[in-house]
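Have a look at the structure below, then the notes.
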There are 2 protein chains.
Amino acid sequence: MKSAAKAMQEDTAETGAQQIRDAIREAIVERRLSPGTKLSESDVGNLFNVSRTLARAALQALSYEGLVSVEKNRGAFVAYPSPEEARQIFAARRLVEPGILREAAAHITPADIKQLKQLLLEEGRLMSERGQTARRAEIKASGDFHLMLAEISGNAIMQRFMEELVARSSLVIALYGQSTASSCGHSEHGDIIAAIESKELDRACQLMLHHIAHIEADLDLRERKSLGLKEAFEL
Amino acid sequence: MKSAAKAMQEDTAETGAQQIRDAIREAIVERRLSPGTKLSESDVGNLFNVSRTLARAALQALSYEGLVSVEKNRGAFVAYPSPEEARQIFAARRLVEPGILREAAAHITPADIKQLKQLLLEEGRLMSERGQTARRAEIKASGDFHLMLAEISGNAIMQRFMEELVARSSLVIALYGQSTASSCGHSEHGDIIAAIESKELDRACQLMLHHIAHIEADLDLRERKSLGLKEAFEL
DNA sequence: GACGATCAAATTGTATACGATCTTTTGCAC
DNA sequence: GTGCAAAAGATCGTATACAATTTGATCGTC
């Protein structure tokens, strides 16, 4: 689904680094890589059988997206968003997603709606399945719903911004999420589609805001970062 | 003013490439570099007395911001946004700037207002001056108004996004702008501040939308790019 | 003289090498 | 045994070198 946007700038991007970047990003978004995991340039390079040059380029790009943080002379790590960053990520989503939804609703075609529903179906199917791979696919599908709306909006810039926000959200949920049901708001996705379909735009926006609030409400945004130093043993 | 945000991630960024990146970006935003200008890695490296490695890294970063487009095996060029891209950039601004303004108004302090007014004053002073350097400084100050609002909003993510949008807007105006008065909307900035100051939030948002529309109205977004291929000779 | 193929120049893509900086450990003194 | 200092190890920062691709030119042929 995102292939269209990717293909457009495919010849503008370097072949090697791009692949590695995408592979690592996918691993982060699907939570195979946990926040804080070290990603040394040598290791990444060896893993993908390329030189450190390419590994470095990939990590730099990911750093630019906020998915990894590279610390000078120390190394690159899967980003470990602070509670404050987490709040800002969701504030940003509350700020832009209603607008994206409105734009999407203005351009949406029957084919788009069909595709959205299919995505929803797939999401539901994965939810009922068991196993890690199904869980990861479900996480991805859950984010893809929001991404697809951005794609339908027809604004490539907002689309790219949403890709960044969704990816970073995944990190935040991995860190601070509480509920076991990772995509608690599956039914909410369906409600939003229904509202769009029946042209109830304001209601769709309200539902979207509630949906985002719902995800955020499942977080425990308390600073529990490096309390392992002392506090962890003096209870 | 943007030093605060920059300083926070200063140790996470590599020293050399960052400087070059910023220097080139500034040159692009101030329109010393025209859209389409070739930026070969060797030339950039020689110019800044660094190796191609760093030049390349800087160009890649700028490519990520949408300010330069690197074409595989061909080189990097100052971005040449299409009319469609231009529309999307301004659509994105219309989408996010009202929200940013609301967020900023919620957090604004008297000191912030004072600083905003000072920026406005500076902008006016530069407008009355003559010469290229004054013109460039004026362009920068005009964008800084929007960036300062984003900074006041307290959301670093939205701030960075706005930095990208403002920079790309400068490219669009350089390409498609018609009026000689580069920052036509100087007075509008003042109006917006006034509306914020008197807590007329809805009115401030309206003014902001009008302001953006005003900038966009000064553009001539007709495809005059490479229609020279065939259409240019079959009239 | 025009068209096409082959070759040379320039530019990017990737790898390797060396130097700088930070972390960690080790050893010594107290 | 504790604490500090110095050295060893690991990792990044940057430069240089070589390979691949593209572009432009030259030469030959029709």
Side-chain angles (χ1 to χ4, degrees), chain A residues 6-7 9-24 33 35-80 225-226 228-230 233, chain B residues 6-24 33 36-80 226 228-229 233:
Chain A
K6 283 279 174 61
Q9 54 179 1
E10 204 144 85
D11 61 75
T12 85
E14 343 73 292
T15 51
Q18 199 89 333
Q19 279 182 284
I20 299 170
R21 175 170 75 88
D22 291 344
I24 297 179
L33 284 171
T37 303
K38 173 148 196 174
L39 301 172
S40 95
E41 296 178 354
S42 316
D43 292 351
V44 172
N46 290 341
L47 188 58
F48 291 92
N49 288 105
V50 295
S51 79
R52 249 187 62 213
T53 306
L54 290 189
R56 180 186 183 79
L59 291 171
Q60 292 289 96
L62 288 167
S63 150
Y64 212 85
E65 300 179 38
L67 290 185
V68 318
S69 76
V70 317
E71 299 176 26
K72 187 171 173 174
N73 285 317
R74 281 194 26 83
F77 305 83
V78 178
Y80 200 112
K225 228 169 39 178
S226 67
L229 288 173
K230 294 172 185 173
F233 293 96
Chain B
K6 286 275 176 62
M8 284 189 78
Q9 54 179 1
E10 203 142 84
D11 61 76
T12 83
E14 342 72 294
T15 52
Q18 200 90 332
Q19 278 181 285
I20 299 171
R21 175 170 74 89
D22 292 344
I24 297 179
L33 283 171
T37 302
K38 171 145 194 174
L39 301 172
S40 96
E41 296 177 353
S42 315
D43 292 351
V44 172
N46 291 340
L47 188 57
F48 291 93
N49 287 107
V50 296
S51 81
R52 252 187 61 215
T53 307
L54 290 190
R56 181 186 182 79
L59 291 172
Q60 293 289 94
L62 287 167
S63 151
Y64 209 83
E65 300 179 38
L67 290 184
V68 319
S69 76
V70 315
E71 300 177 25
K72 185 171 172 176
N73 284 316
R74 284 197 23 86
F77 305 83
V78 179
Y80 199 113
S226 67
L229 286 174
F233 293 95

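A, B, ... follow the sequence lines: proteins, then strands. Residue 1 opens every chain.
Here the CD atom belonging to A:Glu41 is positioned 7.5 Å from the CD atom belonging to A:Gln60, to the nearest 0.5 angstrom. To the nearest 0.5 Å, atom CD1 of residue A:Ile24 and atom CG of residue A:Leu59 are 5.0 Å apart. Rounding to the nearest 0.5 Å places OH of B:Tyr80 at 10.5 Å from OG1 of B:Thr37.
The distance between atom CD1 of A:Ile20 and atom P of C:dG13, rounded to the nearest whole Å, is 14 Å. Straight-line distance from the CG atom of B:Asn46 to the P atom of C:dT12: 11 Å, rounded to whole Å. For the pair B:Lys38 NZ and C:dA10 P, the computed distance is 12 Å after rounding to whole Å. Between the CZ atom of A:Arg56 and the C1' atom of D:dA15 there is a distance of 12 Å, given to the nearest Å. Atom CD of A:Glu71 and atom C1' of D:dG13 are 16 Å apart (whole Å). Atom CD in A:Glu41 sits about 6 Å away from atom P in D:dG13, given to the nearest Å. Taking atom CD of residue A:Gln18 and atom C1' of nucleotide C:dT12, one finds them 16 Å apart after rounding to whole Å.
In terms of heavy atoms, A:Tyr64 sits closest to B:Arg21 at OH-NH1, 3.7 Å. Smallest separation of non-hydrogen atoms from A:Ala57 and A:Ala17: CB-CB, 3.9 Å.
Using a 4.5 Å heavy-atom threshold, the side chains of B:Leu62 and B:Glu65 count as touching.
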B/S/- contact track for nucleotides 15-24 of chain C, protein heavy atom under 4.0 Å: BBB---SSS-
